[in-house]
Amino acid sequence: QQQVKQSPQSLIVQKGGISIINCAYENTAFDYFPWYQQFPGKGPALLIAIRPDVSEKKEGRFTISFNKSAKQFSLHIMDSQPGDSATYFCAATAFVSGTYKYIFGTGTRLKVLA
Amino acid sequence: NAGVTQTPKFQVLKTGQSMTLQCAQDMNHEYMSWYRQDPGMGLRLIHYSVGAGITDQGEVPNGYNVSRSTTEDFPLRLLSAAPSQTSVYFCASARASSYNSPLHFGNGTRLTVT
């Protein structure tokens, strides 16, 4: 089953707080797990990504934690800022029929209060 | 560098009308795809292509048609629009052969079918 389940659907965080978005997958063929950030009126853009042989990846205030045995991964936004208010999508990719296929989660709408 | 360009930005159709959503990329990407974004449903793949002359169906292909005559262009055709096709449509491209090649999205076409 090629599905990626994402939660929560929406999230409100105070400025300076930690935002946490969780995703879970079933297909063990997935081998790359990117997160995309989407601002209103724009297309999604790559934020940060991880491979399953790494348990954590950090870029600035954004961290992906990856649990291969549980088939779960999460995005942590430290010191959340109003400018982080956006929709976040987790995704998973697998090489199928000669190309990489991307499966997206359902998205999390984050609002950071000033 | 334009990236992925989608036209039009907005469109209103009556049920039964046909139209073509345009997508062009200038990054020489082999892989191009169309997604629709609906509230609570995330990004769902409609059709994709791994090169000129090669197309394949995604998760929700019914009611849509695609062709890929050049590397740069990947138009999406709605043959007979239905209210269920009201959505925001995104075109995305990537290098086909690399696991960590991110999807580059256009800024979307918001389609309303009345």
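Residue numbers start from 1 in every chain, and the chains themselves are labelled A, B, ... in the order their sequence lines are given, proteins ahead of strands.
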Hey, can you tell me if A:Phe104 and A:Phe89 have their rings parallel, tilted or perpendicular (30° and 60° cut-offs)? perpendicular
Turns out that what part of B:Ala92 lies under 4.5 Å from chain A's heavy atoms comes down to neither
Would you please go through residues 39-76 of chain B and name the residues with a non-hydrogen atom below 4.5 Å from one of chain A, in numerical order? B:Gly40, B:Met41, B:Gly42, B:Leu43, B:Tyr48, B:Val50
Looking at A:Ile20, A:Thr108, A:Val112, which one forms a side chain to side chain contact (heavy atoms under 4.5 Å, CB included) with A:Leu11? A:Thr108
If you tally heavy-atom pairs under 4.5 Å against chain B, which of A:Gln6, A:Gln9, A:Lys42, A:Arg51 wins? A:Arg51
Considering only heavy atoms and a distance below 4.5 Å, find which of B:Val88, B:Leu103, B:Val4, B:Asp38 pairs most often with chain A. B:Leu103
A:Phe66 vs A:Tyr25 aromatic rings, parallel, tilted or perpendicular, using cut-offs 30° and 60°? parallel
Over all atoms of both residues, closest heavy-atom pair of A:Pro34 and A:Ala49: CA-CB, 3.6 Å
Under 4.0 Å between a side-chain nitrogen and a carboxylate oxygen: does that hold for A:Lys15 and A:Asp79? no
So A:Tyr36 and B:Phe105, would you call those rings parallel, tilted or perpendicular, with 30° and 60° as cut-offs? perpendicular
Under 30°, 30 to 60°, or over 60°: which ring-plane class applies to A:Trp35 and A:Phe73, parallel, tilted or perpendicular? perpendicular
Can you tell which part of A:Tyr32 gets under 4.5 Å to a heavy atom of chain B, answering side chain, backbone, both or neither? side chain
Between the side chains of A:Glu56 and A:Lys58, is the shortest nitrogen-to-carboxylate-oxygen separation below 4.0 Å, so that they form an ion pair? no
Can you tell which of B:Arg110, B:His104, B:Gln37 has the highest number of heavy-atom pairs within less than 4.5 Å of chain A? B:Gln37
